Q: 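My structure is below; once you've seen it, I'll send some questions.
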Amino acid sequence: MSALRNSLAVTDIAHHLHPRTNWRQHEASGPVIVQRGEGAEIEDASGRRYIEGMAGLWCASLGFNHPRLAQAGARQLEKLGFYHTFAHHTPELTIDLAARIGELAPEGLHRVCFNTSGSEATETMVKFAWAYHAARGEPGRRKVISRDRGFHGSTIVAASMCGLPDMHREYGLPLPGFIHVRCPDPYRERAAGESEAAFAQRLANELEETILQEGPETVAAFIAEPIMGGGGVVIPPADYFPLVQAVLDRYGILMLDDEVICGFGRTGNWFGCETMGMRPDMMALAKSISSSYFPISATLISDRIYEVLADHHIGAVFGHGFTNSGHPVGAAIALETLDVYRDMDLLPLVREKGERLGAGLRARLNGHPFVGDIRGRGLIYAVEMAADPAARRGFGAAFNAGGRVNEAAKARGLVLRSMMGDILGICPPYVITDRQIDDLVDRLALAIDDVTPVLAAEAKP
Ligand SMILES: Cc1ncc(COP(=O)(O)O)c(C=O)c1O
């Protein structure tokens with residue numbers, strides 16, 4: 001058995017190129033082979049179980065082996081394993097799914113274009129924005145503004161919109177015309193003594209200055225996650241999006257809402273834009289749309305944009321789409337996912353579990369000498385480590401305090417995610433039990449205790 005495992009690891013090292021992995025390090029460490037899941041827990045090849053506090057990659061909202069999703073996929077595979085949505089065709093269930101998403105989405109966003117990944121969903125928003133402006137006689141509107149530390153995907157345009165250096169470095173990105181403004185992080189970016197409201201106003205002013213410098217007639221869109229995920233669970237100040245929205249409206253710039261993480265309940269409302277006061281012209285959805293049991297994503301556009309684009313394409317076709325856009329098996333699994341959310345009365349459940357998680361984290365970690373911030377909404381949280389919490393001084397990326405806590409947590413049977421050096425992300429499946437939430441908090445607090453001597457040595461002024 002262990003020879004088999006060893007040989008699997010050797011084969012993995014020899015043939016499998018892992019995303020977001022240091023390949024040389026992988027040659028030494030080998031893979032973590034995950035062999036099964038049960039609810040919010042996973043089991044590795046040696047039989048060790050972990051609470052999966054990140055729902056995989058912020059995505060497996062219904063845990064790792066939900067029977068209803070398995071059955072829905074199997075039923076559809078037996079009936080119609082593939083059909084496409086090009087040139088007026090469609091599987092039946094894809095229509096139902098479009099209608100269901102349109103019903104859930106905020107007012108005015110009723111038209112759904114299916115893709116297969118979050119990157120495709122965000123990148124499709126950019127194509128729609130370009131086409132929309134061109135159709136209205138403004139083809140010079142090409143630039144897209146995003147934020148430092150934002151994450152929007154790995155394809156070339158999506159990566160250009162990311163505000164994370166490791167998405168750009170090796171590739172000569174961002175592409176020209178992809179511009180970044182300050183991250184709305186009240187913990188790291190707010191000046192000493194500055195109120196959250198004043199910070200939000202400063203960010204809106206900076207955005208307006210950037211637009212004026214670039215030339216408003218060259219700017220197509222602004223893209224934002226309501227709550228930033230991969231950049232460290234950044235929750236902007238309450239006034240931020242309304243102020244940003246007013247700036248965008250002044251210059252005819254579209255608001256693109258990346259709901260790839262926040263969509264489908266994560267922040268305690270169906271969509272993060274409702275939690276954070278955004279008024280999107282388009283929306284990108286993925287991950288929890290199917291609990292990631294099938295790669296399916298969606299781009300929603302407003303009725304106003306639809307009307308412009310539909311007129312524009314009369315006599316020609318809409319030149320976009322993927323072989324697997326609107327795949328019937330993905331549609332079946334996504335529809336079942338939405339049914340499960342309905343049956344579990346998702347929103348109150350997320351809010352209650354989120355409150356338990358937040359209360360637990362605060363009870364155990366508030367006042368800890370090296371915990372700088374505990375923040376969250378719904379069931380997405382972050383704990384930020386700090387060398388000097390009172391001064392909001394972090395340990396810095398090189399020391400990687402978050403990574404150290406993360407390793408200690410893993411040794412205690414808990415999977416989290418470390419980001420930006422000091423930050424630990426927590427984004428558990430919605431099916432996590434109360435007992436597992438308490439265990440998660442407990443294991444994280446113990447993991448922090450495990451590394452506290454090392455943190456203390458580093459934190460000495
Ligand atoms: C906010 C956000 N947008 C887009 C993406 C890209 O999604 P995918 O990896 O499915 O292409 C991600 C992935 O984590 C994400 O977090």
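Note that the coordinates shown come from a computational prediction; the quantities given were computed from them, not determined experimentally. Just so you know, ligand 1 is whichever comes first in the structure, and atom 1 is the first atom listed for that ligand.
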Q: Please examine the side chains of Leu248 and Val244, heavy atoms only from C-beta on, and report whether any two atoms are closer than 4.5 Å.
A: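 A side-chain contact under 4.5 Å exists here.
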
Q: Is it true that Phe128 and Tyr306 have ring centroids separated by less than 6.0 Å?
A: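 Phe128 vs Tyr306: aromatic centres not under 6.0 Å.
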
Q: Is the shortest distance from a heavy atom of Glu120 to ligand 1 less than 4.0 Å?
A: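 Judged by the 4.0 Å heavy-atom criterion, Glu120 does not count as contacting ligand 1.
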
Q: Less than 3.5 Å between some nitrogen or oxygen of Gly118 and one of ligand 1, yes or no?
A: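 Yes.
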
Q: Any idea which protein heavy atom is nearest atom 3 (N) of ligand 1, and the distance to it?
A: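 Heavy-atom neighbour on the protein nearest atom 3 (N) of ligand 1: Asp258 OD2, 2.7 Å.
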
Q: Which atoms of ligand 1 are found less than 4.0 Å from any heavy atom of Ser119?
A: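 Numbered from 1, ligand 1 contributes 6 (C), 7 (O), 8 (P), 11 (O).
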
Q: With a cut-off of 4.0 Å, which atoms of ligand 1 are near a heavy atom of Glu225?
A: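 Near Glu225, meaning under 4.0 Å from one of its heavy atoms, ligand 1 has 1 (C).
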
Q: State whether Arg169 and Asp166 are salt-bridged, where the test is any N-O pair (Lys NZ or Arg NE/NH1/NH2 against Asp/Glu carboxylate O) under 4.0 Å.
A: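 Not counted as a salt bridge, because no side-chain N and carboxylate O are separated by less than 4.0 Å.
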
Q: Within a distance under 4.0 Å of any heavy atom of Ser117, pick out the atoms of ligand 1 and give their elements.
A: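 Answer for ligand 1: 10 (O), 11 (O).
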
Q: When you look at Phe199 and Tyr240, which way does the ring pair (Phe, Tyr, Trp, His ring centres under 6.0 Å) test go after all the steps?
A: CA-CA 8 Å; Phe199 175 51; Tyr240 172 75; 8.0 Å; no

Q: For ligand 1, which atoms have a heavy atom of Lys287 less than 4.0 angstrom away?
A: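 Checking each atom against Lys287, I get 12 (C), 13 (C), 14 (O), 16 (O).
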
Q: Ion pair present between Arg147 and Asp185, side-chain N to carboxylate O less than 4.0 angstrom?
A: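 A salt bridge is absent here (no side-chain N lies under 4.0 Å from a carboxylate O).
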
Q: Check ligand 1 against Ile261 and write out every atom of the ligand that is under 4.0 Å from a heavy-atom position of the residue.
A: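 The list of qualifying atoms is 16 (O).
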
Q: In terms of side-chain geometry, is the basic nitrogen of Lys127 or Glu123 positioned less than 4.0 Å from the acidic oxygen of its partner?
A: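 No, Lys127 and Glu123 are not salt-bridged.
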
